[in-house]
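Data first, discussion second: the structure below is written as structure tokens.
Throughout, protein chains are lettered first and strands after them, A, B, ... in sequence-line order, and every chain is numbered starting at 1. Values reported hereafter were calculated over all heavy atoms of this structure, with side chains retained and with hydrogens, waters and symmetry mates removed.
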There are 4 protein chains.
Amino acid sequence: MAPTSLGQLKPRKQPVQDRSHATVDAIFEATVQVLLRDGARKLTTRRIAERAGVSIGTLYQYFPGKEALLYALVSRQLDLAASAVEEACRENHGRPINQCSDTFVNAYIDAKASNPESSRALYQATAGLDMKELIDTAIMRLHRAAYSLLASSSDDLVDDLDNVVFSLIAVVTGGTRQIFEGDDTATRLPTFREQLARMCRAYLNESKVSKRV
Amino acid sequence: MAPTSLGQLKPRKQPVQDRSHATVDAIFEATVQVLLRDGARKLTTRRIAERAGVSIGTLYQYFPGKEALLYALVSRQLDLAASAVEEACRENHGRPINQCSDTFVNAYIDAKASNPESSRALYQATAGLDMKELIDTAIMRLHRAAYSLLASSSDDLVDDLDNVVFSLIAVVTGGTRQIFEGDDTATRLPTFREQLARMCRAYLNESKVSKRV
Amino acid sequence: MAPTSLGQLKPRKQPVQDRSHATVDAIFEATVQVLLRDGARKLTTRRIAERAGVSIGTLYQYFPGKEALLYALVSRQLDLAASAVEEACRENHGRPINQCSDTFVNAYIDAKASNPESSRALYQATAGLDMKELIDTAIMRLHRAAYSLLASSSDDLVDDLDNVVFSLIAVVTGGTRQIFEGDDTATRLPTFREQLARMCRAYLNESKVSKRV
Amino acid sequence: MAPTSLGQLKPRKQPVQDRSHATVDAIFEATVQVLLRDGARKLTTRRIAERAGVSIGTLYQYFPGKEALLYALVSRQLDLAASAVEEACRENHGRPINQCSDTFVNAYIDAKASNPESSRALYQATAGLDMKELIDTAIMRLHRAAYSLLASSSDDLVDDLDNVVFSLIAVVTGGTRQIFEGDDTATRLPTFREQLARMCRAYLNESKVSKRV
DNA sequence: GATGAATGAGGCTTCATTCAT
DNA sequence: CATGAATGAAGCCTCATTCAT
């Protein structure tokens, strides 16, 4: 069982009013900034509130605690990325395998690259917290999207498509993570994207050919 | 910019004596256990000392601080893994590309799998600490080993081998990390290893010069 | 020495209007309920306002602060009890000592028992607050009422009647408090009332002048 | 069920060493002083530690929290009082009813008066905390001691001795509490003691006589 | 008048680290 | 060398109170 009850991780207040919405956004933004500037170890509620320009009390009116704030932040980002990938996959159903492969790889990297700071920060934030559930959900969505995309391809693939997709996702998400956690993300990402695309195409083609033999 | 000067991160005394060596090992082992059992957030010096069966004072006679302890632990593990990969690569110089690929992938995964608990723990430990230098060093060693291995292959490869190796390593290390951080590592690792090996072979074959002709 | 000047402890506005009166009553009632349900430690202004169905701002329009609210509440309850006892004593002037004794004991316990929940709550509320003045006043009124009653008795009593009354009141109020703070108040109160009445009668009969002769 | 698990309320460390013992005593003593000087509302861990001349960390090495400290303090005092009463009762078994009565009353008041500051403080400390269990235990010990004493008396008493003892204890403990919580404790205690003794004797004699009728 | 978002002082507690024994 | 009691900075969070709407 999770060490923290789920009830503690949900936002306290729905941002219905404009001012509230702005406050929540400021807190999220501040969290990302503190994470990037000072690292996870120095991510304190005081710093977050300070950088967000609100009082510590205000922060606690929207989130029942620090962990809940991170949970909400990570949840939001993962959902955005998963949704983007899902949509891209949906739009490319029935295409040749190479295009399917590129679709997935690019959609995922685009999602991460659209907000590189957040992405870097999020990799930090997940550390030491119990975000497994959140991550598992996101991974599952990616899995379904990729599976459905590849299964729809005009090219036929192997029957253990589940394993292929599983490994594909591990490699795409894990590899991308390494790039974002390393130096020179901006410089290296284009190269990596290209190579990763080639790798995945090669892999999937291999999986296709092997079946035909 | 670094919060702790590098000098503070080295062990205080060399474990020249047997008893010292045993103590240091007990502390390392205890750290891994606490990390696995209680998570990074509850990794306190008191718990480590307790589980290691030594007093808190003793811990501080071997390490100048908690961060230094983790630094040393991570350093040791990364060094072991890098050395193992280096050796495997050295032994397979001049082989065909497929064998080179398998060598690297298997050597890396073997290194991680030889002590899965430590590996899982270490992924936790690195979070939030400034281990970039350590990781960069390890990555560089992997890079050199892989580069040298692939360059020696009886098959010719593309000229931007650096980029290929860079991406290869990102994918292998990142993908493996995802497996170790996920559930069912034991169950999923064999499948992943196989698929990753296939993927890398396919990728490198794609990158062969001969193919381009 | 008192942490809050006395001027701060009076209600901000007189409940002249009906709506005002209803609001104040709702707040009082809510305070009692929160006290009983959650205890003195969780008696927060937010909870009181919530349970009373008003906003926190409204609460502060009727009371200058939490302490003043409690002060007013306790004051009202103590006044009710003292008034009830005073009236009962007045109505029984000149009776035999046994009847005087019963009058006082029963009047006091009746006053407390007429609203047992409030009584329990109030004992909680007084804790930790500076209600000494309020309590002293109430005790003094009880003292005067009892003194006057006993002095009027058709039986003669000792000359150190002050001491007798003082002890009588300590015993009646203190004993009753123990019952209300303990378990099974409802079950035990009748028995206690009977025994307390017997005890007081015996005590006062012991103190009769005629006995000394 | 109690809101706080019992495990949280026990001391963290047994004061085996001399220094430890002195520290614990200093903390207890400081708690009493802060309670008397500043009241329950201002009884903060920082103040306690300050007045005890130890750091806040030291306080937490001996007690898992503020509540546990108070729990231990109250427990100690209640135990001392109960033990003293028990012993006095034991030593006066078989005596006439008047002597039994005086024994109990005086033993109880002596116990409280032997450390009037602590007694006053303790009445404050119990406020708002969950000490019911502790208090119930103490009351039960008093009940047994008094019951046994009175049952052993050379005079015969009524058969509903339980009710008599119950009421007796409510009156003695509650009345004494009122004296300690009021002003001029020192001045008023002797008078109250005398009157209370008379009252209890009269009550018990009444209970004896009524049976014989 | 009523509302409730915002405030921030201050409470409780943890934990890396030191140092006298 | 080992021990563990002591330290205190710093983290998280609550809650009485204010004030713009």
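Proximity of A/T45 to the phosphate of F/dG11: no side-chain N or O atom is located under 4.0 Å from OP1 or OP2. One finds a side-chain N or O of D/R46 lying less than 4.0 angstrom from the OP1 or OP2 phosphate oxygen of E/dG11. For F/dG4, neither phosphate oxygen OP1 nor OP2 lies less than 4.0 angstrom from any side-chain nitrogen or oxygen of D/Q61.
Taking atom OH of D/Y62 as the reference point, atom C1' of E/dC12 lies 20 Å away to the nearest angstrom. Rounded to whole Å, the distance from CD on D/E50 to P on F/dG8 is 11 Å. In this structure, CG of A/L70 is placed 15 Å from P of F/dG11, rounded to the nearest angstrom. Taking atom CG on B/L69 and atom C1' on E/dT17, their separation rounds to 14 Å, with Å as the unit. In this entry the distance linking CG of C/D38 with C1' of F/dT14 reads 15 Å, nearest Å. One can place CD1 of A/I56 at 15 Å from C1' of E/dC12, the figure rounded to the nearest angstrom. Atom CG in D/L43 sits roughly 12 Å away from atom C1' in E/dC12 (whole-Å rounding). Here F/dT14 presents its P atom at 19 Å from CZ of D/R41, a figure rounded to the nearest Å.
Residue-level contact check: C/I48 touches neither bases nor backbone, having no heavy atom under 4.0 Å from any strand. Residue contacts shown for B/T44 are limited to sugar-phosphate atoms, with no base heavy atom under 4.0 Å away.
In this structure the side chain of B/L69 never reaches within 4.5 angstrom of the side chain of B/Y62, judged on heavy atoms. Annotation: side chain of B/Q124 is not in contact with side chain of B/E181 (no heavy-atom distance under 4.5 Å). Between A/E29 and A/Q33 the shortest side-chain heavy-atom distance falls below 4.5 Å.
Each of C/G57 and A/T58 was matched to the nucleotide of DNA chain F holding its nearest heavy atom; the match closer to the 5' end belongs to A/T58. DNA chain F is contacted by both B/G53 and D/L59; B/G53 maps to the nucleotide lying nearer its 5′ end (nearest heavy atom per residue). Each of D/R47 and A/S55 was assigned the nucleotide of DNA chain E with the nearest heavy atom; the assignment lying further toward the 5' end belongs to A/S55.
Considering only side-chain atoms of D/Y60, the nucleotide from F/dT7, E/dA5, E/dC12 that sits closest is E/dC12.
Checked by atom type, the side-chain pair C/S20/C/T23 shows no donor-acceptor distance below 3.5 Å.
The residues D/R41 and C/E67 are annotated as salt-bridged, a charged nitrogen and a carboxylate oxygen being separated by less than 4.0 angstrom.
Taking a pair as Watson-Crick or G-U wobble with both distances under 3.5 Å, DNA chain F forms stems of 3 or more consecutive pairs at E:2-21 with F:2-21.
In plain terms, the two heavy atoms of B/R47 and B/K42 that are nearest each other are CD-O, 3.2 Å.
Shown here is A/R76, whose CZ atom has more than 12 heavy atoms of other residues, nucleotides or ligands within 6.0 Å.
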